Number of protein chains: 4
Amino acid sequence: MTRSAPSSPKDPVKRRGAPVVERVLEVALEALAERGFQGLSVPEVAERAGLNKTSVYRRWPTKEALVAAALESALGHAAPLPDTGSLYEDLVVFAHTAVAFVTAPLGRAVMRTLLADADNPEVRAIADEMLAAQRSGPRVIFRRAQERGELDANADVTMALTVVAGAILHRSLIEQKSVSKDFIQRLVSLVVRGLGPAPKP
Amino acid sequence: MTRSAPSSPKDPVKRRGAPVVERVLEVALEALAERGFQGLSVPEVAERAGLNKTSVYRRWPTKEALVAAALESALGHAAPLPDTGSLYEDLVVFAHTAVAFVTAPLGRAVMRTLLADADNPEVRAIADEMLAAQRSGPRVIFRRAQERGELDANADVTMALTVVAGAILHRSLIEQKSVSKDFIQRLVSLVVRGLGPAPKP
Amino acid sequence: MTRSAPSSPKDPVKRRGAPVVERVLEVALEALAERGFQGLSVPEVAERAGLNKTSVYRRWPTKEALVAAALESALGHAAPLPDTGSLYEDLVVFAHTAVAFVTAPLGRAVMRTLLADADNPEVRAIADEMLAAQRSGPRVIFRRAQERGELDANADVTMALTVVAGAILHRSLIEQKSVSKDFIQRLVSLVVRGLGPAPKP
Amino acid sequence: MTRSAPSSPKDPVKRRGAPVVERVLEVALEALAERGFQGLSVPEVAERAGLNKTSVYRRWPTKEALVAAALESALGHAAPLPDTGSLYEDLVVFAHTAVAFVTAPLGRAVMRTLLADADNPEVRAIADEMLAAQRSGPRVIFRRAQERGELDANADVTMALTVVAGAILHRSLIEQKSVSKDFIQRLVSLVVRGLGPAPKP
DNA sequence: ACTTAACCGAGACGGTACGTCTGGTCTTTCG
DNA sequence: CGAAAGACCAGACGTACCGTCTCGGTTAAGT
């Protein structure tokens, strides 16, 4: 017996296909960002990836499966959480990563899917999961600020997150203006102030 | 005129002229909200409106023209601006109208178009225009607050608007949760506080 | 123009399509003769007929329906029965028409269908029907010969028909040789003699 | 064992495959009879023979080669010629072998190929050859009858053969009826009579 | 017994064609 | 004249099948 490669005892599938899979999913993600879910066509992805459409259909029988796989393959790239010792600084750094996410193909794809093509439950579920992952991290920022005493214990953290994310979203996708560093600073300023106690009249 | 038509209990909706146009544009708006721009098809609108697709094509030769007309027909329903004498109250009222807008078919259609189907410039222009109209009003709220001395003269009004709109947008479309009265109050609280001077440490 | 067109009291459908139908069926018959039933493809027929494949599919949803229609449209061209007063002469004339049938596209199509593609019952039925029609006529020839006393009353008429048809079939399709006038005469001679009483030893 | 021939430095063919080859060709013949030439697919033959399609393609690169090999492998099974001393009896026996041939898979395959799928010249040539072999034998029957004086020297022997073969062909393939013993007797009777002198009126 | 080389199984892949579906144009008829 | 009906074209889509290729694994021969 020629037991080769003990690390892969049996790998009947994807001996030839491994690089192909990556390429296709990458292309699918791009296309998803450009055209949205319903505008995406499997033949187009196949052509862009440089292989025959039948080969794509073989692996992912439906468009949903392809998109789900593409989204899933891009999961787990959580950005490292900032810890500068200052809520303001932390939030600025986090906002930048959020902007980067929304600007990159993956983020655009997720956003388009969430906003416009949320009909398919399978895809929707994955996109939701990605969004939750995206939101779970930053909560730590606020908790640390609370532990430092920089933030009140019952500050509306959830609202702050929604505000930061929503403002960036609105700015980049609705107003279609670039999210500048200045914008982020003004946004974070407003939020940090807003989380504090009411100003004296 | 076939008013009674006993042979057909279900009268074929609106047969000629002006009422037909209204019906079609109304249906087009609904479909736009449901399917988005690229998901909308002229034959489908025709069928839903109860007339032959050729009749629709006669009036609006392209899908763009139909959508543009539909959006345009829904313009000019600017909500009355609140003037309660309190920035907080004014913003709460405004936020409610914004939520109503985003919830209604027209608003959803505009949002979907802006977010996901912004490729066509003609349609995009109209949607932009609607958005600008939606934003022009509320600025008065802040100006009045500044005149009352309730708000600093160089407060970041633009940011405040973006934050309110963005948060509502994020809440309803991304998180897919209902925008409750409580949510709005907390949102406006945060924004009003954020517009004030920095809290004392 | 509103001319009610009394010249066409026919059904309201196929005003544009009437000539198209003929053309398609004609082409289908040709293709059937060339490629056989299973070798025939609807798109190919459409292209040869100069119209879009969807137009063909609209009228005949399946290949079977198209072939059935093509065969049916070619029915009813029964050749006039000869009546020369001589069994030999009658058979010679009839054999010539049989040869013409087998040589023409229609005949070849029927033969190919009967011989090679007899799997589909719908098509098979039509081809069978055509064959029966083709055989019903010639029996009269023998009956008249019997009435004239030229032929014995219990002569094996069915066998004679099978022999004439089979020999022509074998000659033209199996041996692939032309069916000459001389061949026909020798064939009929043999059959006529064979129908008579046994020769004296 | 087939002469292992140690002198042969290279014996690329059939070290392991000898029984496989037989099985494949046998199956191919069956499939040819069932589906005809153009309906036959190499993968299907492979599956029916219980081996992988690549194994079949390795030996016979094209469908034509496979069919040619299948037909060729079935050659040379000439039935022994009858010699009963009576033309009638000889012909009856011969007709039975002809019926057996046409009924068996091999015969049906040859017939289908000759009748319907005669496009490929290579295959066609082999089928023609088989047909010629099938016809060469029976001529002896007539020659012996002539030598016995039972048959006139210038009787139309070729026509008689065509008639017998054609009638059987027509009966079994066109009329799709079984070729009974009675049918054969009546057929031979007619032919034998037909070969004799014209009956006296 | 061990090596070697032909053979076989498995399945990914490109490619072609098919039949379906839908969108948009056009002609003809009806009211 | 406008609306209905629907034939028609165009093109994309997903499926099926074919034939090629490249891997491994196995079998049969030969030192």
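Just so it is clear, the structure is predicted and the values come from calculations on it, not from any experiment. Residue numbering restarts at 1 for every chain, and letters A, B, ... go by the order of the sequence lines.
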Measuring from the side chain of A/Val20 (C-beta onward, heavy atoms only), which nucleotide among E/dC18, F/dG19, E/dC13 has the closest atom? E/dC13
Decide side-chain contact (heavy atoms from CB on, under 4.5 Å) for B/Leu51 and B/Val24; before the verdict, give the C-alpha distance in whole Å, the side-chain angles of both, and the deciding distance to 0.1 Å. CA-CA 9 Å; B/Leu51 60 154; B/Val24 170; 3.8 Å; yes
5' precedence on DNA chain E between C/Tyr57 and D/Leu51 (nearest-nucleotide basis): D/Leu51
Could you tell me whether the side chain of B/Lys53 has a donor or acceptor atom within less than 3.5 Å of a complementary atom in the base of E/dG23? no
Separation of atom CH2 in B/Trp60 from atom P in E/dG24, rounded to whole Å: 15 Å
Electrostatic pair D/Glu44-D/Arg35, nearest N-O below 4.0 angstrom: yes
Run A/Trp60 and A/Val21 through side-chain contact (heavy atoms from CB on, under 4.5 Å) and show every step you take. CA-CA 10 Å; A/Trp60 304 278; A/Val21 170; 4.0 Å; yes
Start at the 5' end of DNA chain F and walk down; is the nucleotide closest to D/Leu40 or to A/Leu40 reached first? A/Leu40
Atom CD of C/Glu64 to atom C1' of E/dG19: distance rounded to whole Å? 13 Å
Taking CD in C/Glu47 as the centre, count heavy atoms belonging to other residues, nucleotides or ligands within less than 6.0 Å. Is the count above 12? no
Quick check on DNA chain F: between C/Asn52 and A/Pro61, whose nearest nucleotide comes earlier from the 5' end? C/Asn52
Using a strict cut-off of less than 4.0 Å between a Lys/Arg side-chain nitrogen and an Asp/Glu carboxylate oxygen, indicate whether B/Arg48 and B/Glu30 qualify as a salt bridge. yes
Whole-Å distance, C/Glu47 CD to F/dA10 P, equals 12 Å
Expressed as a whole number of angstroms, how long is the span from C/Gln38:CD to E/dC18:P? 14 Å
B/Arg58 side-chain N/O to F/dG2 phosphate OP1/OP2 under 4.0 Å: no
Under 4.0 Å: is that the gap between some side-chain N or O of A/Arg59 and OP1 or OP2 of E/dA12? no
What's the CD-P distance between D/Glu44 and F/dA16, to the nearest Å? 17 Å
Would you tell me if any nitrogen or oxygen in the side chain of D/Ser41 comes within less than 4.0 Å of OP1 or OP2 on F/dC18? yes
May I ask you to say what C/Thr54 touches in the nucleic acid, namely base, sugar-phosphate or nothing, with a heavy-atom cut-off under 4.0 Å? base
